[in-house]
Structure formats: structure tokens, C-alpha cells
Undergrad: 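Quick one: the structure is below, and I'll ask about it shortly.
For clarity, every value in this text was computed on a predicted model and none was experimentally measured. Residue numbering restarts at 1 for every chain, and letters A, B, ... go by the order of the sequence lines.
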2 protein chains.
Amino acid sequence: MDQNSLPPIQTTARDDAVLKALVGFVRAEALQPGERLPTERILAERLKVSRNTVREALTRWEGLGLVERRQGSGTYLKAAVSPDMLHLPLTLAGGNDFTSLMQTLEIRRALEAEAAALCAERASPADIAEIERKLDIMEQAFRTLDGMSSEEDWEFHQAIYRVSGNPLFEQIIAAMHELFHRFWEHPLGVRDFGHASFPYHRTIYECIAARDPQGARGEALKLIATVEDDLKRGAAKLKLSDLR
Amino acid sequence: MDQNSLPPIQTTARDDAVLKALVGFVRAEALQPGERLPTERILAERLKVSRNTVREALTRWEGLGLVERRQGSGTYLKAAVSPDMLHLPLTLAGGNDFTSLMQTLEIRRALEAEAAALCAERASPADIAEIERKLDIMEQAFRTLDGMSSEEDWEFHQAIYRVSGNPLFEQIIAAMHELFHRFWEHPLGVRDFGHASFPYHRTIYECIAARDPQGARGEALKLIATVEDDLKRGAAKLKLSDLR
DNA sequence: TGCAGAAATTGGTTGGACCATTGGACCACT
DNA sequence: AGTGGTCCAATGGTCCAACCAATTTCTGCA
């Protein structure tokens, strides 16, 4: 018998209907990220469902990072809502820390290089000026602190992703960044972590300013390579100390 | 069941605490995907919270695809739960279909090339044999159907990601694949979509078998380029037909 | 006018109730 | 033994009416 000839029938789906109605509402009102949604009580009344059902639907959205609830204040839209949303659950192999960290870097190596190249192709003069500004801030912080500043460094990179014109770069690399730092609790004992990557920030910028995609790609690869080296040095050190 | 594996909740932030308790419970009981969780009523009683609070927590897990609820039956674990999990909500710029499709391809271009290169570096003889098997199946399907078969083609690529040794490749590219096909409802009128990519599957395999990372990277780039070309052709065609 | 405290608003939690679906137990009939 | 039917307890889905906790807004006094 053809299994497909008897698909499961559609059972009740109240909260799904609520979500669909909410999508419609947000689009109809043209709500922008940051704006407040109607209160749960009002939604329940308008949609003719109980407040509990509304809450279940909103809980789903909250779990997907679409919405933020603040007790006593309201529920706020956090991201543009669109039907073209995909929810990507990422899990690492769960091996030791070193393996996980290297895996996030492998992804970053591929994406950073591509983003830098696209950025060099597409950057407008204004974009280039913005990136240079972020670079200056980062270099300033580096000299002041005598070391890499995660914050300013990350902002520089984000500027590049944004100019690449493809929002997926920023989203995916940001996830890698978060994964990386989740395993970075104990810093493997490498004091000057990131030092080696410093000069490549400027070389990447120069390639972008010169509209040199291949050059930018190469410099980005070199940058990631220094981070991988730092990581390997740290892992070797850790292994030694593990042996007492 | 061990009663001690479900200690009562005490602090505020109930539902988060409930989730944490559930993670502990699943690990303590070593629950495997497919197994059933305790009923909501039992969880509520054990954790000393109301059933609604338990439901909010479970709704979050359900939204994250971690768990499946079946009315009248129970709540079942769908995926292995681990603390090294990250959920990444992806949203495309939401522009027209063509832009979105190209953006997923830009990500794939970066990742496919890297995965192919890593695969060529790390493939064992058994891995290479497995990839060749998938390639044969795909080529067989191509000749039979006189065109690309999404199913077999995808399996070939997946084998490469798996051999790369980094599970993130498969997860992220799979997400891109799904995004791509979400916009692929109306096929832009390109009849022989994917035809051009066919020969590169074998060249990629040959580079992998020859342990030639740079070659594999290059062939993977060529493959993606053909898909991008198909897409551009389709977009041009569509634009013409839009003009009547 | 400035600001502390009261009042209203809003999400968070609770407990209880009922409905719809599921799956197993039981039974009559073949 | 097998088939189908009926019943019933278990379970998730929904609803309601409160109350709690955090936040915002208003009010009235200094």
C-alpha cells in the first residue's frame, strides 16, 4: 500500500493559529523591532482565546528570540518577523574543549574569508570610512590595554560582515563566536592570546579599501590562522600541565 | 524512577529553573531520543510548581525541536539534550526571492569549499569508498531521470560534510539547503536546473580520492558557480515574463 | 517645580476545571 | 485465535479566575 495515500489528518492547532494571527498583526501594523505588542490580556480578548493560549504562543516566539517579555512593562518585538525564518539548532560533537574550539574556527575560516572578499567587492566609500573608524577604535584600545580587546575587535569584524551585504554572515559567525566563548571559560593559560592577529586587522582593511577581494580573503585567512596557532599552543600547554 | 533526580524548585525565574531541572533529569535518567518524559502533572508535583509553568518550559523545548508532545500519549524526547547547544535563529533580509537564494548560495560557496578541502585532507580509504558509492548512486539517478535528483545529490554532499570531521558543516549547510528550498516553490522556469553542476560531482570526488585539498576546493567552487548561473538565468527569465 | 509614594498596568504563577485524543483492557461474536 | 466494538483511565490542550512581582504612570504634598 502506498503510505502516502493516507497522510495524517490535521488535528487541532490553536496556538499555531494564534501565531499566524500574530504574524498577520505585526505585518498589518508594520511593527518594527523594539516596538511593543498588545498586552496578553488584550490579545486574548481580541483573538477570542484564553490568555494561557496566547502565552504559549508568545513563549514559542520568545524561545526563538523573536520577542522579549518584560514583566510590568510589556512584550517587545526583538527581530523583524517574517515567514522566511529558519531556526537552526547547533550542537557540537561535545568532545573536549579543544576540538570544539577548532571546529568553530574552521567555520569561521571559511566564512570570514568569504565575507572579507565580498566586503572588498561591495564596500561603498562610506562603508570603508565606517570600517576604518572601527579599526582605529580597535587599535586605540589595543595600545591602551596592551592587548586585544574582545569588544572593539568584534565590532570591527561585525562591520565587515554587515558591509558584505549578506546578513547570514553576521548571524552565523555570531553564533560561532558565542560557541567559541562558551568553551573559553578557562583560557588555557595563553596570556597574549590574540596578539598575533592584531596586524592583520589593518591589512584586511587596506585590501578592502583597495577593492582587492583576493587580498582581503588571504589576510582574513592569515588572521584566523594566528588564532588557531594560539589555540594549539594553549592546548599543548594544557596537555603538559595535565601530566603534572 | 529515582525520586531524587527531581528536586523541588525554589528561586524565582521558575521556568528557566524548570528547564534546568529537566536537563538534569534527562541526564540523570540517561533518557534517549524517543523515550517518554514524565507527564506534566507529575513534573508539576515533583518540582513543586504549577502545571502551567511546566507547560511553558516544555513549550520552549518543543519550539526548539527538542521534544514532541502527543495528546493523549505523552511527551517524548526528540533529540539528545546537552548543555553545548546553541539555537541560532536565521532570518534573511526578506527581499525578493532571488536575493535570498543568492545569499544562501554565498554561504554555501564558502562552506562547501572548505568542507571539500577538509574532506580531502582527512578522508580515510573507507570514507573515500563511501563517497564513491554515493556518487555512483547519484550518477545512476541522473542517467535514469535525465536530470539532477535532489535526493541523491544531497546525500552525496552530506557524505562529504560528514567526512570533514566537523559536524557544524552539515548542520549549517543543511539549514542553507532548507532555506534555499523554501524559496524554490516556483522554479523560476528553469527546466534543466542543476544540469551544469553534474560533472563537478565526479571531479570533486576525484580530488578527494587523490588527497588534493586545493583541487577539491576549486571544484566545489565551480559547482556552486554553476548553480549561481542557473539562478541568474532563471531570474532574468522571470524578469522578462514579469514585464509581460 | 520636584519628587516620593500610591495606583494602575503588565507579565509571571497558581490551582482547578473541563475537553479531545490516545491506548489499553475487556467483551461479544465469528 | 481473531476480529471488531465499547469502555475507561491517562495525557496533553484549553479555559478561567485569581493573585504575585516588576514596571510604569499618576498624584499630591513640600
Undergrad: Any side-chain N or O of A/Thr75 below 4.0 angstrom from OP1/OP2 of C/dG11?
TA: yes

Undergrad: Taking only N and O in the side chain of A/Ser50, is any of them less than 4.0 Å away from OP1 or OP2 of D/dC15?
TA: yes

Undergrad: Rounded to the Å, how far apart are A/Arg51 CZ and C/dG11 P?
TA: 7 Å

Undergrad: Rounded to the nearest 0.5 Å, what's the gap from CD on B/Glu45 to CZ on B/Arg41? Could you check?
TA: 11.5 Å

Undergrad: Between D/dA22 atom C1' and A/Tyr76 atom OH, what is the distance in whole Å?
TA: 12 Å

Undergrad: If you round to the nearest 0.5 Å, how far is CG of B/Leu64 from CG of A/Leu64?
TA: 6.5 Å

Undergrad: Give a yes/no answer on whether the side chain of B/Thr53 brings an N or O atom under 4.0 Å of OP1 or OP2 in C/dT14.
TA: yes

Undergrad: Calculate the interatomic distance between B/Lys48 atom NZ and C/dT13 atom P; express it in whole Å.
TA: 18 Å

Undergrad: What is the distance from atom CE of A/Met176 to atom CD of A/Gln103, rounded to the nearest 0.5 Å?
TA: 10.0 Å

Undergrad: Quick check: do A/Arg55 and A/Arg69 have side-chain heavy atoms less than 4.5 Å from each other?
TA: yes

Undergrad: Which class fits the ring pair A/His157 and A/His201: parallel under 30°, tilted 30 to 60°, perpendicular over 60°?
TA: perpendicular

Undergrad: Could you please name the option among D/dC15, C/dG11, D/dG12 that lies closest to any side-chain atom of A/Arg55?
TA: C/dG11

Undergrad: Could you list by number each residue of residues 60-69 of chain A showing a heavy-atom separation from DNA chain C of less than 4.0 Å, or answer none if no residue does?
TA: A/Arg69

Undergrad: Below 3.5 Å is the cut-off: list the nitrogen or oxygen pairs between protein and nucleotides 4-6 of chain C, distance only.
TA:
none

Undergrad: Please check: side-chain N/O of A/His177 versus main-chain N/O of A/Ile173, any donor-acceptor pairing under 3.5 Å?
TA: no

Undergrad: Say you draw a straight line from CD of A/Glu114 to CD1 of B/Ile107; how long is it, rounded to the nearest 0.5 Å?
TA: 8.0 Å

Undergrad: Using a strict heavy-atom distance below 4.0 Å, which residues from residues 28-47 of chain A are in contact with DNA chain D?
TA: A/Arg41

Undergrad: Is it the case that more than 12 heavy atoms not belonging to A/Glu130 sit under 6.0 Å from its CD atom?
TA: yes

Undergrad: Looking at A/Lys78 and A/Glu62, does any basic side-chain N land under 4.0 Å from a carboxylate oxygen?
TA: no

Undergrad: Is there a donor and acceptor pair closer than 3.5 Å between the side chain of B/Asn52 and the base of C/dG15?
TA: yes

Undergrad: Are any non-hydrogen side-chain atoms of A/Arg162 and A/Phe169 less than 4.5 angstrom apart?
TA: no

Undergrad: Does some side-chain heavy atom of A/Leu43 sit less than 4.5 Å from a side-chain heavy atom of A/Leu22?
TA: yes

Undergrad: So what does B/Arg70 touch, heavy atoms closer than 4.0 Å: a base, only the sugar-phosphate, or nothing?
TA: sugar-phosphate

Undergrad: Can you tell me the distance, in whole Å, between the CD atom of A/Gln71 and the P atom of D/dT24?
TA: 11 Å

